[in-house]
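Positions are given from 1 along the sequence. What you see is a predicted model; the values in this text were computed from it and never measured.
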Amino acid sequence: MPTAGSTAQNSSATGPTPPLVSVIIRSMGRHTLREALDSVVRQNYPALEIVVVDALGSGHPSLPCQYGDIPLSLCGTGQRLARSRAANLGMAQARGQYLIFLDDDDWFEPSHIDALVKGLRERPHARVAYAGVQCLHFDSQGNSQPILEYNAPFNSIRILFENFIPIHAVLFDKSLYEAGCHFDEDLNLYEDWDFWLQLRERGTFIHVDQISAIYRIDAANNLGSTANKGLLPDGVLRIINKWRSHWTDHEISRLFDYARKGVTTAGNNENSPKQNIDHPEPPLPAEISKLHEKIALLTTQLQVSMTQLDTVTARLNAIETSSIWRFSYPYRYLMSRLRALLHNRRPKSIPAPPQTVRPAGNREPNPHPVDIIVPVYKGLEETRQCLESLLAAENKTHQEIIVIDDASPEPALVEYLQELAQDGKITILHNTENLGFVLTCNRGMALHSERDVVLLNSDTQVANDWLDRLAACAYRDSPIGTVTPFSNNATICSYPIFCADNALPRDCSPWQMDDLFRRLNSGQALDIPTAVGFCMYIRRDCLTEVGYFDTEHFGKGYGEENDFSLRAQALGWRNVLCADTFVYHTGGVSFADQQNEKKDRAMAKLKRIHPEYWPRVLSHIEQDPARPLRLSVDLARIAASELPNLLFITGDSPEDFLATLDGPTRSLLDTAQVFLLHPDDSRQQIVSWLREGEAFRLYFGWPADRSALQSFLRGLNIGRLHFHAIAGLDPLLYQLPGQLGLSQEGAARNRASGSEREHPLIDWLPLLRIHAYPRPDASARTAAETPPNRSRFLEKFRRLTPRGARSA
């Protein structure tokens, strides 16, 4: 039990004047009031006041104006007060920046308030903090035994379903009261739950993971008694009727899922009574007394379980009798059938659930404003290009460009930003000291609590209606929390080479690349294990539920978006790749990567906190579900090129092939689109694009996909075909020139044997090389009618041929 004593010094309080905390005690004048007051005096936090609200009305014991070292005020109306009325009176009387309630039969552990204040001070965006509470059952002799524990992370859907936060667990900013958060005096049950729902709409909750408060349960407070049992369903319905008009369809859907799970797991969640370890049996004379105590304890536990079951049942009844539940029956039936079909067709060899591309619906752009947050530290030219691209983009979605200067050391950059702000083109915020990327992003995300956000690196360039497409993708499906576009430098969202830092393809500008993705992958999206922070769209409802970036573990940067994505997934949100949008990313400019050790430490923390992260990422990389989306863009770029197409057929690997090219032949890689057809170890034939920085490869089973290969090569409109290092080639490949409308001339060298003997598979060929050219009758055009660039290519190619070549 707590006892009175002097106030301890706060070792963790920051600054010389910590904010005042008001402890509001609604009192019925019970004998346990002194224990509650003693627990306040024992707090490690130094800046406290006590506000005792006389809810008894008459006969309440008098109290001193100072209890221990803490100022105390006693207020009341002289009449008996309901709990809500007493709470509002206490908040009006309180002078502190932070408020916390304590009933007169409960108490705090010494670290409780200190830890909650520290949590709020470390996370400026948060306005509500709560810690864990231990429930103790007291028998008639005053002996206590733990039966319940409330210490679950915050879940904004669960708080709609049940009140899992005891009132004295919570410390909140008084500004929430001043903004209109009051206890509903028409409620005589669940008034604290209703108050948490109000705070949820106006502030972010953070959970301090420790058990530091005690909730007393005994016969006196009638927890779960029959006197209150009849009121529980009615109380739940009153809460639901009051709040359901505030809930979105998405929240109602998720609330129902949570309720269904709650029915089956009510006895297993963290709020269920904990089993106790039996002690050795006492001697026979005391056994009957012990059994009576166990019966009393089990009765209390049963009452608590019945209370929880009644609450679950009331919520389910309220949901199932609602009009939205009745109207959605056909949809729910269809979805259950689809889930069953998908489950039965799922390949059992794939370790993770298959990831599919989801087509777009016809949806208007996001009607809500979006904050585009651009943290800036260095890089004037890159930042200029980024902001100019933002200002030039054509979006219907209302946006505000918020640039945060993180104490930049470049005066010219700061001056440029200030000029844009003065012209009304951007909103600029200045950090008085360098906070780093994570804290800077948190500051921006906290600026407007009702808006979605896009976190955008200052070394990116956007184009066209990029924001409209990201917003449409985010709202295409309710559980989508984050959206990441394609980019040249975005790991699992990279193009053209997957999981690589690519240069921008040489034949396209950022605008042209985005236009290609927009046209070819219109409305396409797929699930990814994590968002990528260079350009990260976050829905506000997701951000409100998940909370901001974790500055405690990732405050130095690296890993913060991965941690956020995983926390979002744990709450049912999805991270998706928006396949119809491309954002150019230079990489490593404003917040440059100067210390790989920071990355290593951050990744080690990520692995420790989220051990499931790497298996998910590796599974995604192995499956690479975005490959068809990248291939569609590859093919469009190949088809749009005016360069001639040249095909080499070889038995070598691409690496060995390139190693054998001489200078003149290698120069063809810059003047033509060169493709290589080569086998792999599994008898597939692979077509590769031999251009540096490209990843285009198509795989054809051989000979099963022979016709598909022919069709694809015809589509390439091959101008020349060249056999090279023919040892090991399938004889069927020598029919390709004729099938493609090309004539053959030349010879073959069997480099595999090093000899110049006749190859047994093509005994009609000379022993040099083989070249294939368009047949004279394949086209009516003359060499003069050939496009100039193709004509120059053909002439250059003829000079490389030992015996010359006939004109096409």
Side-chain angles (χ1 to χ4, degrees), residues 1-27 32-55 60-76 86-123 126-133 165-178 192 195 199 206 208 210-216:
M1 293 292 176
T3 58
S6 61
T7 305
Q9 293 299 316
N10 174 21
S11 59
S12 65
T14 58
T17 55
L20 180 66
V21 174
S22 298
V23 181
I24 303 170
I25 301 178
R26 297 174 294 182
S27 174
T32 52
L33 174 60
R34 179 172 293 276
E35 295 175 1
L37 292 170
D38 289 347
S39 75
V40 178
V41 173
R42 288 169 56 87
Q43 290 301 295
N44 295 335
Y45 190 77
L48 298 170
E49 72 162 0
I50 301 173
V51 178
V52 178
V53 181
D54 177 6
H60 191 283
S62 60
L63 294 172
C65 62
Q66 185 166 305
Y67 197 88
D69 296 331
I70 302 176
L72 183 149
S73 60
L74 179 63
C75 60
N88 289 334
L89 183 59
M91 289 192 292
Q93 192 76 13
R95 298 180 298 111
Q97 177 181 338
Y98 298 123
L99 310 182
I100 188 169
F101 285 96
L102 178 63
D103 286 345
D104 63 359
D105 59 341
D106 301 326
W107 68 86
F108 299 142
E109 295 294 350
S111 64
H112 188 61
I113 294 178
D114 184 42
L116 294 174
V117 173
K118 182 179 179 181
L120 289 178
R121 298 296 294 277
E122 290 179 347
R123 299 169 177 83
R127 302 170 76 183
V128 185
Y130 70 97
V133 174
I165 308 176
I167 194 164
H168 58 308
V170 180
L171 180 82
F172 59 96
D173 198 303
K174 189 180 180 182
S175 62
L176 294 169
Y177 165 76
E178 294 167 345
D192 52 344
F195 189 66
L199 298 190
I206 62 171
V208 177
Q210 66 175 42
I211 304 290
S212 53
I214 304 299
Y215 192 128
R216 182 193 299 266

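When each of V21, V208, V128, V23 is paired with L171, the side-chain contact (heavy atoms from CB on, under 4.5 Å) condition holds for V21 and for no other.
Judged by distance alone, with hydrogens and angles left aside, the side-chain atoms of R216 form a donor-acceptor pair with the main-chain N or O of D105 at under 3.5 Å. With hydrogens and angles ignored, the 3.5 Å screen pairs no side-chain donor or acceptor of H112 with any backbone N or O of W107. A donor-acceptor pair under 3.5 Å links the side-chain atoms of Q43 to the main chain of E109, judged by distance alone. Looking only at distances, no side-chain donor or acceptor of S73 sits under 3.5 Å from a matching main-chain atom of V51. When atom types are taken as modelled, the side chain of E35 and the backbone of L37 share no donor-acceptor pair closer than 3.5 angstrom.
Y98 has its side chain out of reach of L116: every pair of non-hydrogen atoms, C-beta onward, lies at least 4.5 Å apart.
I167 contributes atom CD1, which lies 10.0 Å from atom CG of D106 (distance to the nearest 0.5 angstrom). A distance of 6.0 Å separates CG in L33 from CG in L63, rounded to the nearest 0.5 Å. Between I100 atom CD1 and L48 atom CG the span is 9.5 Å, to the nearest 0.5 Å.
Between P18 and P46 the shortest heavy-atom distance is CG-CG, 3.9 Å. Listed here is the closest heavy atom pair of L99 and G96: CD2-O, 4.0 Å.
For S22, the side-chain hydrogen bond (donor to acceptor under 3.5 Å, both in side chains) criterion is met by E49, not counting sequence neighbours. With sequence neighbours excluded, no residue forms a side-chain hydrogen bond (donor to acceptor under 3.5 Å, both in side chains) with D54. Considering only residues two or more places apart in sequence or on other chains, P110 meets the side-chain contact (heavy atoms from CB on, under 4.5 Å) condition with R42, N44.
Aromatic ring orientation, F101 versus F195: perpendicular (interplanar angle above 60°, classes split at 30° and 60°).
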